[in-house]
Amino acid sequence: MNAGELLRDLVRIPSESGQEDAAASRVEEAMAALGWSPRRSGRNVYAFLGSGGPLLLLNSHTDTVPAGEGWTKPPLGAVVEDGKVYGRGANDAKGCVVAMLLGAAGAFASDAPKGRVCLGFTCEEEILGQGLESLVAELPRPDAAVVGEPTGLAPAVAQKGLLVLEITAKGRAAHAAHGGGVNAIEAAAHDVLALGRLSFDRSHPALGLPSLAVTQIEGGTRHNVIPDRCRLVVDVRTTPDYEPEQIVAEVGRLVKGEVVVRSQRLRSVDTDPASAIVQAALAANPGARPYGSPTLSDWIFLRGIPTVKAGPGDSRRSHTPDEYLGLGELEEGVRFYERLIRSYFERVGA
Ligand SMILES: [Zn+2]
């Protein structure tokens with residue numbers, strides 16, 4: 001099976017989040033052509049290789065963000081130019097899907113490793129929806145996992161989480177001409193400055209410190225009314241060293257407004273760099289250095305399972321016009337996953 005042709009096929013199939021059916025069917029077809037027994041579960045598709053021994057999950061996603069504006073090539077054209085396949089999803093993450101498929105096929109083609117691999121390609125990653133979360137609930141618990149995202153084949157060993165807070169400052173409305181009232185915008189301004197006093201001292205070896213930013217503010221209705229309400233939105237990027245609850249409590253102590261947690265399910269995750277899966281990823285790409293990733297992915301649904309995030313491509317090309325993946329990068333990706341699978345099972349000594 002030709003990796004570049006399979007990637008081009010997948011890029012030509014539109015698969016924005018929620019519309020992954022046709023892309024999942026194309027993956028299913030490729031799995032069947034490789035002699036596997038694929039299974040479908042909604043818009044997820046998965047297959048097992050090998051029998052008995054530890055279970056390694058290879059996961060990536062079939063969905064993409066919308067094409068958006070600014071393309072000079074057709075976003076679903078899969079045009080090849082200078083050895084690069086152009087199109088939405090080529091880099092994030094259809095290249096990873098193809099490389100995982102053919103890398104696993106290579107690893108099990110002869111002298112198969114003593115262990116089981118589950119290839120699970122899931123939907124709704126770009127909206128952090130139900131794809132991988134529901135697949136994990138159906139599968140036996142993996143002993144280790146790889147999340148395929150464009151990292152230049154370097155293993156991410158930690159990933160920041162996201163905590164979104166709303167802080168509502170309350171005041172008392174009054175006519176601006178008459179004086180009186182309590183200005184909620186002024187109260188919110190005090191809270192914004194108070195958040196600047198929040199400091200973190202536990203630095204994660206791969207991720208450093210959590211970060212916090214006020215990203216939205218909304219208050220007031222008319223120029224002549226003292227506002228009784230002002231709402232702030234705060235984006236916090238967390239590390240495994242702080243539970244979201246701790247940060248929420250600390251914010252609550254600093255501000256006067258009412259703090260409501262909008263989202264805290266996207267927790268930070270990390271993996272011991274000495275673990276077999278990290279060492280296998282490094283053995284598969286000896287030049288690479290483990291690093292901490294600031295961006296979210298479906299890894300959040302694999303909490304507690306030793307996991308690395310690694311794959312061909314460059315995350316800076318994701319979600320941009322003229323997204324592409326080099327055919328050379330794709331071939332490197334295939335060899336990377338093949339070596340990683342072999343190295344992992346050698347290490348866990350199945
Ligand atoms: Zn992705």
Side-chain angles (χ1 to χ4, degrees), residues 3 6-7 10-11 13-20 23-24 26-27 43-46 57-68 75-76 78 84-101 103 119-136 145-162 237 265-269 271 281 291-303 307-326 329-330 332-334 336-337 340:
L6 181 55
L7 175 60
L10 281 173
V11 169
I13 300 171
S15 59
E16 285 179 30
S17 306
Q19 296 154 42
E20 300 92 342
R26 183 65 188 87
V27 171
R43 284 167 280 123
N44 292 336
V45 55
Y46 63 100
L57 172 66
L58 300 190
N59 164 256
S60 191
H61 60 95
T62 53
D63 65 319
T64 72
V65 296
L76 299 174
K84 298 165 180 168
V85 178
Y86 285 88
R88 176 55 81 230
N91 174 74
D92 180 16
K94 290 176 174 177
C96 295
V97 170
V98 171
M100 283 180 157
L101 271 173
L119 290 128
F121 300 116
T122 48
C123 59
E124 296 188 5
E125 191 270 352
E126 296 292 358
I127 53 171
L128 297 171
Q130 301 297 311
L132 181 58
E133 194 171 24
S134 68
L135 184 66
V136 165
V146 182
V147 173
E149 284 289 324
T151 69
L153 304 181
V157 295
Q159 178 177 283
K160 278 190 170 174
L162 172 64
R237 300 294 161 152
R265 82 179 177 126
L266 309 177
R267 289 176 187 249
S268 182
V269 282
T271 301
Y291 75 103
S293 170
T295 53
L296 293 164
S297 75
D298 270 351
W299 184 355
I300 54 174
F301 301 119
L302 299 171
R303 235 177 150 230
T307 297
V308 293
K309 179 165 78 173
D314 184 334
S315 71
R316 284 167 298 188
R317 288 178 220 148
S318 303
H319 307 190
T320 62
D322 291 342
E323 175 181 348
Y324 69 88
L325 185 70
E329 293 176 303
L330 179 62
E332 259 309 303
V334 173
F336 170 77
Y337 290 124
L340 183 153

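Note that ligands are numbered from 1 as they come in the structure, with each ligand's atoms numbered from 1 the same way.
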Next on the checklist: Counting C-beta onward and ignoring hydrogens, is there a side-chain heavy-atom pair between Leu128 and Asp298 closer than 4.5 Å?
Outcome noted: yes
Checklist entry - Of the backbone and side-chain N, O or S atoms of Glu149, does one lie nearer to the Zn ion (ligand 1) than 2.8 Å? => result yes
Checklist entry - Looking at the Zn ion (ligand 1), is one of the N, O or S atoms of Glu126 less than 2.8 Å from it? => result no
Checklist entry - salt bridge (charged side-chain N to carboxylate O under 4.0 Å, His left out): which pairs involve residues 125-136, sequence neighbours left out? => result Glu133-Arg265
Next on the checklist: Could you work out, with ring-ring contact (aromatic ring centres under 6.0 Å, His included) as the rule, every residue matching Phe301, not counting sequence neighbours?
Outcome noted: none
Checklist entry - Hey, does the side chain of Glu20 reach the backbone of Glu124 with a donor-acceptor pair shorter than 3.5 angstrom? => result yes
Checklist entry - Under 2.8 Å from the Zn ion (ligand 1), is there an N/O/S atom belonging to His61? => result yes
Next on the checklist: As a test of reading the structure, name the N/O/S atom of Asp92 that is nearest the Zn ion (ligand 1).
Outcome noted: OD1
